[in-house]
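None of the values given here were measured: they were computed from a predicted structure. All chains are named by letter (A, B, ...) in the order of the sequence lines, taking the proteins before the strands, and each is independently numbered beginning at 1.
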Amino acid sequence: MSMIEIKGLVKAFGDLEVLKGIDQNVEEGEVLCIIGPSGSGKSTMLRCINRLEEPTGGEIYIDGNLVTEENIDKMRSKMGMVFQSFNLFPHKSVIENLTIGPVNVRKESENDAAEKAMRLLERVGLAEKAEEYPRNLSGGQQQRVAIARALTMDPDVLLFDEPTSALDPEMVGEVLDVMKDLARDGMTMVVVTHEMGFAREVADKVIFMDEGYIVEEGSPEEVLGNPKMERTKDFLSKVL
Amino acid sequence: MEFYLKGFLIACRGIPATVIVSLVAIVMGAAIGLLLALCSQVKSRILRAIAKVYVDIVRGTPMLVQALIMAYGIPQLVQSWGIDFKWTDYGGMAIPAVIVCGLNSAAYMSEVIRSGIQAIDKGQMEAARSLGMSHGMAMRLVIIPQAVRIILPAFANEFVTLIKETSVLGYVGVVEILRHGQLWNSSSYQTFPAYIGVAIAYMILTIPLSKLINGYERKMARKEAAA
Ligand SMILES: Nc1ncnc2c1ncn2[C@@H]1O[C@H](COP(=O)(O)OP(=O)(O)OP(=O)(O)O)[C@@H](O)[C@H]1O
Ligand SMILES: [Mg+2]
């Protein structure tokens, strides 16, 4: 059974059809990278997986369970999401950002949640920032906290929407390192990214999207190294 | 000079009534206003329509008229149904006064709260939901606490406005600051000292509050600039 199963996913905003029938599986422990030009529907596909956008058609299964409007809160806690703009809670300290989910959604005790939060902060190298507020952290640090926050709910899957696009270049590396570390540990990850180096190094599978379709998919060597489709070649020649 | 002092001291006797009515009303206004703001955000058209009609009615009519309806109109209507109803049996004329002030500030607060909620980046709701929080939990833990900081100055401004607006409540039997002044004027004929005293009594309530708001706004502006 696949960790994520996407069947016939269609999404329209009014008359604008953004996803035109997406079929894709992600296996447990797999890292899937999604690349493609701006407006091709990459974010929309990712956001449909945890239903931040409601699909117009098609089905999504997480670990064999159909995601519906009714079970969405439960399903979402199996999926961590990391956003381009971090979206940390500015009125909460770093550690509170990490305990808010477990304490309120899963009713863990403050102590247990805080202990786990500190372990996760150590993992992303930010234990000493636990009491800081997000605004006092650099972009790279904020994104590492956001990744730690996504891990607090012990998700089966992590979804990343261009996690390094809002960062100054010198901070991209520290965030990618954390992500590589997660991938090595066997986390199932779906990553929308413009970082071709990361995709080449970490991805098990790369898909190239354009105009709401998956145009090409395969291993990083195939899609990035030896693309078959004209549109993929065209895109890669512009970004590489 | 002593008339002025006398006028001021007389007006000050109304301060407890004015402050209590305003305080209870602002709390009631905030609570109902929050409810209205949440109603105006939901998918249900009926709830949205109710919230909108409520705000339109309250903002489209003078508070004095609402107070007269609540204090005198409603008891007469209820009595015409054969039920014996007098506000004085239910805690006095301050009760309809507080209700009207509360309902009034609710209409205003709902707009303030709504714009405060809308000012929060939608990524905050998405981040909260993606941790598995329900919409209500995300509102309570993430959105509203941030919105409160934004709306605090408008909230305090509304309190200042409310304090001044309670001056119409003398017409519905509440003996507050203005009413004390009027009563003294009609027995002493010291019209100018009476109303100057009233004005000063209002000012010692409103000016410190306004100063507080300005201070808070400057502090927030500095924080913004530093961030
Ligand atoms: N909420 C929305 N309402 C209307 N149109 C939307 C909405 N969200 C996205 N779109 C449109 O859907 C299309 C695909 O958007 P999407 O964000 O998925 O693209 P993307 O591949 O992630 O692009 P980028 O690389 O710029 O992030 C775009 O044309 C966009 O304008
Ligand atoms: Mg995008």
Side-chain angles (χ1 to χ4, degrees), chain A residues 43 46-47 49-54 69-92 96-108 113 133-137 142 145-155 157-161 166, chain B residues 30 34 37-38 41-45 47-48 112-156 213 215-227:
Chain A
S43 297
L46 199 69
R47 294 161 58 84
I49 295 176
N50 73 348
R51 234 182 161 83
L52 287 179
E53 301 290 355
E54 196 170 336
E69 199 56 44
E70 283 67 45
N71 66 11
I72 184 57
D73 289 340
K74 186 149 170 286
M75 288 308 205
R76 281 206 188 104
S77 64
K78 293 175 184 258
M79 295 179 264
M81 176 117 178
V82 177
F83 302 87
Q84 186 174 344
S85 48
F86 328 135
N87 296 352
L88 292 177
F89 305 132
H91 61 305
K92 300 277 182 195
E96 288 168 337
N97 264 275
L98 269 64
T99 55
I100 192 171
V103 167
N104 293 285
V105 177
R106 286 222 303 239
K107 311 294 176 204
E108 286 179 21
Y133 278 80
R135 64 174 168 278
N136 299 326
L137 270 53
Q142 288 191 48
V145 172
I147 294 172
R149 179 178 66 180
L151 290 167
T152 58
M153 299 299 286
D154 303 316
V157 180
L158 277 185
L159 309 173
F160 295 83
D161 192 358
Chain B
L34 177 60
L38 295 176
Q41 304 239 304
V42 295
K43 281 192 189 136
S44 155
R45 277 201 189 159
L47 280 180
R48 279 209 316 257
V112 170
I113 294 171
R114 198 166 55 105
S115 63
I117 290 173
Q118 279 169 352
I120 306 300
D121 186 89
K122 76 179 191 2
Q124 291 290 307
M125 177 56 93
E126 294 185 347
R129 296 304 301 270
S130 65
L131 285 172
M133 291 187 203
S134 66
H135 182 86
M137 188 185 280
M139 284 304 265
R140 185 163 56 81
L141 297 175
V142 175
I143 308 298
I144 291 176
Q146 293 184 59
V148 163
R149 286 167 208 219
I150 297 177
I151 66 186
L152 215 52
F155 183 81
I213 302 167
Y216 178 81
E217 283 187 319
R218 268 200 301 276
K219 197 176 116 207
M220 292 306 278
R222 268 203 305 276
K223 248 185 167 174
E224 286 288 299

How far apart are the closest heavy atoms of Val105(A) and Leu131(B), and which atoms are they?
CG2-O, 3.9 Å
Are the side chains of Arg47(A) and Glu126(B) in touch, meaning some heavy atoms are under 4.5 Å apart?
yes
Looking only at heavy atoms, what is the nearest atom pair of Arg129(B) and Arg76(A), with distance?
O-CD, 3.0 Å
Region of Met79(A) in contact with chain B, defined by heavy-atom distances below 4.5 Å:
backbone
Answer with side chain, backbone, both or neither: which region of Asn104(A) has an atom nearer than 4.5 Å to a non-hydrogen atom of chain B?
both
Contact part of Lys92(A) toward chain B, heavy-atom cut-off under 4.5 Å: side chain, backbone, both or neither?
side chain
Which one of Val82(A), Asn50(A), Ile100(A) has the most heavy-atom pairs closer than 4.5 Å to chain B?
Ile100(A)
Straight-line distance of Asn87(A) CG to Met125(B) CE, nearest 0.5 Å:
12.5 Å
OG of Ser130(B) to CZ of Arg149(A): how many Å apart, nearest 0.5 Å?
6.5 Å
Counting heavy-atom pairs under 4.5 Å to chain B, which of Ser77(A), Pro90(A), Ala150(A), Ala146(A) comes out on top?
Pro90(A)
Which answer fits Phe89(A), side chain, backbone, both or neither, if we ask what part of it has an atom under 4.5 Å from a heavy atom of chain B?
both
Given the options Leu88(A), Asn136(A), Ile72(A), which has more heavy-atom pairs under 4.5 Å with chain B than any of the others?
Leu88(A)
Chain A contact via Met133(B) - which portion, at a heavy-atom distance below 4.5 Å:
both
Which atoms of Leu159(A) come close to chain B, meaning under 4.5 Å heavy atom to heavy atom: side chain ones, backbone ones, both, or neither?
neither
